[in-house]
Amino acid sequence: LKPSREDILLELLGEVGKGHDVSGERVWRAYKLADSQMPYSSLTVKNENQRRDFYEIYNQLVLKLVGTPNALSGRTVHEFFLSRPRHWELVEGAKSTLDECRALGYRLAVLSNFDQGLGSVLLGFNQLEELVDDVIASAEVGIEKPNPEFFKSYLNDFDFEPNLSFYVGDSYDLDYLPARELGLEAFLVDPYGVFGDLPGSITRLEDIIGHIRLR
C-alpha cells in the first residue's frame with residue numbers, strides 16, 4: 001500500500017505536532033505487534049460498519065504501542081486514513097523475483113487473508129498477470145491464516161509436497177509459523193531485522209533467490 005500505513009500515521013503525528021520523535025521503525029514495530037495481538041479477519045469483518053469498529057480499536061492499540069498522547073484516538077486515525085489517497089504498488093524487487101522463480105520452474109501463488117477483491121488488485125498489475133498462477137483469498141475459501149489448513153488445502157489441490165515448496169510472508173504469526181508447521185521452507189520478510197536469528201529471515205523479497213537456487 002502506497003503511501004504505507006507507517007507513512008500515513010507518521011504524517012498524522014506530524015500534523016498534530018507529536019511525531020517529530022517517532023521513527024518509522026518504531027511505528028513499523030507497533031503495527032507488527034498490533035497485527036499479532038489483533039489480526040484482521042476477513043471472515044468476521046464483512047461490512048463497512050464492522051471494518052470501522054475493528055480499525056478504531058486496532059488503531060487505538062497502535063497508538064498505545066507507539067506511545068502517542070491519549071488525545072489522539074483510534075477513530076481519528078481511521079478517519080485520517082480514509083481521507084488519504086492510497087493505491088497499491090509492487091514491492092521493490094517483486095517482479096524480478098517472480099521472474100527468477102518462474103525461470104527455476106516454480107508454480108507461483110498468492111495466498112492471503114483478504115476479501116474477494118484480491119484477484120482484481122493483483123491482476124491490475126500487468127506485470128503479474130503472466131507470473132502468478134493462482135490467487136487464493138481467505139474470504140473465498142472460508143479459512144484464513146494462521147490456520148495451517150489454509151496452506152494445506154492449496155498444496156493438496158496440486159499434490160504438492162511441502163518439502164518441495166516454499167512460502168514467503170511478512171508476518172511471524174500468520175505466515176512463518178504455520179508454514180513451518182506444515183514442513184514448508186518459510187521465509188520472513190523482516191526489513192528491520194527484528195527476527196534476524198530465525199532461519200529464513202530476509203530483509204528484502206529478492207533475498208529468497210539465493211536460498212532457493214541451492215535447493
Side-chain angles (χ1 to χ4, degrees), residues 1-95 110-129 132 135 137-140 144-145 168-175 188-192 194 203-205:
L1 187 63
K2 293 292 182 179
S4 68
R5 57 184 182 174
E6 292 85 7
D7 288 340
I8 294 174
L9 183 55
L10 285 169
E11 181 184 351
L12 175 60
L13 294 175
E15 287 190 6
V16 299
K18 301 293 182 180
H20 62 280
D21 60 345
V22 178
S23 68
E25 180 178 351
R26 182 172 172 181
V27 174
W28 182 88
R29 287 172 177 263
Y31 273 118
K32 287 299 178 183
L33 282 171
D35 290 341
S36 176
Q37 295 179 33
M38 193 177 169
Y40 179 89
S41 172
S42 64
L43 304 185
T44 59
V45 180
K46 297 182 178 180
N47 57 54
E48 287 302 320
N49 288 335
Q50 292 173 333
R51 191 172 291 110
R52 179 201 62 217
D53 293 342
F54 171 85
Y55 277 115
E56 286 183 6
I57 299 171
Y58 173 88
N59 287 322
Q60 197 65 50
L61 174 59
V62 171
L63 291 173
K64 181 179 179 181
L65 293 169
V66 170
T68 58
N70 293 331
L72 192 58
S73 70
R75 173 173 292 187
T76 301
V77 175
H78 183 56
E79 291 175 349
F80 188 78
F81 266 70
L82 293 178
S83 72
R84 313 316 289 165
R86 303 184 306 281
H87 62 280
W88 297 98
E89 291 184 2
L90 287 181
V91 173
E92 184 178 354
K95 174 66 166 55
V110 175
L111 287 78
S112 179
N113 286 359
F114 211 93
D115 59 32
Q116 289 87 345
L118 178 62
S120 61
V121 169
L122 290 176
L123 296 181
F125 297 105
N126 293 330
Q127 307 101 310
L128 293 186
E129 192 167 354
V132 175
V135 179
S138 58
E140 295 178 337
E144 63 185 359
K145 302 181 291 186
V168 186
D170 63 358
S171 169
Y172 175 74
D173 299 286
L174 300 183
D175 296 313
L188 180 67
V189 180
D190 181 24
Y192 292 106
V194 176
T203 58
R204 306 174 306 155
L205 182 62

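Only this structure's heavy atoms are used, side chains among them; waters, hydrogens and symmetry mates stay out.
When ring centroids are compared, Phe54 and Tyr40 come within the 6.0 Å threshold.
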### Message
Pair Val194, Tyr172 - check side-chain contact (heavy atoms from CB on, under 4.5 Å), show working.
### Response
CA-CA 10 Å; Val194 176; Tyr172 175 74; over 6 Å; no

### Task
Give the intermediate values and the outcome of side-chain hydrogen bond (donor to acceptor under 3.5 Å, both in side chains) for residues Ser23 and Glu25.
CA-CA 5 Å; Ser23 68; Glu25 180 178 351; 5.6 Å; no

### Message
Assess the residue pair Gln50 and Thr44 against the criterion (side-chain contact (heavy atoms from CB on, under 4.5 Å)); give the C-alpha distance rounded to whole Å, side-chain angles, the decisive distance to 0.1 Å, and a yes or no.
### Response
CA-CA 8 Å; Gln50 292 173 333; Thr44 59; over 6 Å; no

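Considering only residues two or more places apart in sequence or on other chains, Glu11 meets the side-chain hydrogen bond (donor to acceptor under 3.5 Å, both in side chains) condition with Arg84. Partners of Lys32 according to the side-chain hydrogen bond (donor to acceptor under 3.5 Å, both in side chains) rule, which considers only residues two or more places apart in sequence or in another chain, do not exist here. With sequence neighbours excluded, no residue forms a side-chain hydrogen bond (donor to acceptor under 3.5 Å, both in side chains) with Gln37.
Distance check, rounded to the nearest 0.5 Å: CG of Asn113 to CD of Glu144 gives 4.5 Å. A distance of 10.5 Å separates CG in Leu205 from CD in Glu92, rounded to the nearest 0.5 Å. With rounding to the nearest 0.5 Å, the separation of OH in Tyr31 from CH2 in Trp28 is 13.5 Å. To the nearest 0.5 Å, atoms NE2 (His78) and CD1 (Ile57) are separated by 11.5 Å. Summarising the geometry, atom CD belonging to Glu140 is positioned 5.5 Å from atom CD belonging to Gln116; distances are rounded to the nearest 0.5 Å. Taken to the nearest 0.5 Å, the CD atom of Glu56 stands 7.0 Å off from the CD atom of Glu79.
Surrounding CZ of Arg75 are at most 12 heavy atoms belonging to other residues, nucleotides or ligands under 6.0 Å away.
Between Leu63 and Val77 there is a side-chain heavy-atom pair separated by less than 4.5 Å. Two residues are said to be in side-chain contact when any heavy atoms from C-beta on lie closer than 4.5 Å; Leu72 and Leu12 meet this criterion. Side-chain contact between Leu9 and Asn59 is absent, with no heavy atoms from C-beta onward closer than 4.5 Å.
Side-chain atoms of Arg51 never come within 3.5 Å of backbone atoms of Val45 as a donor-acceptor pair (strictly under, hydrogens ignored).
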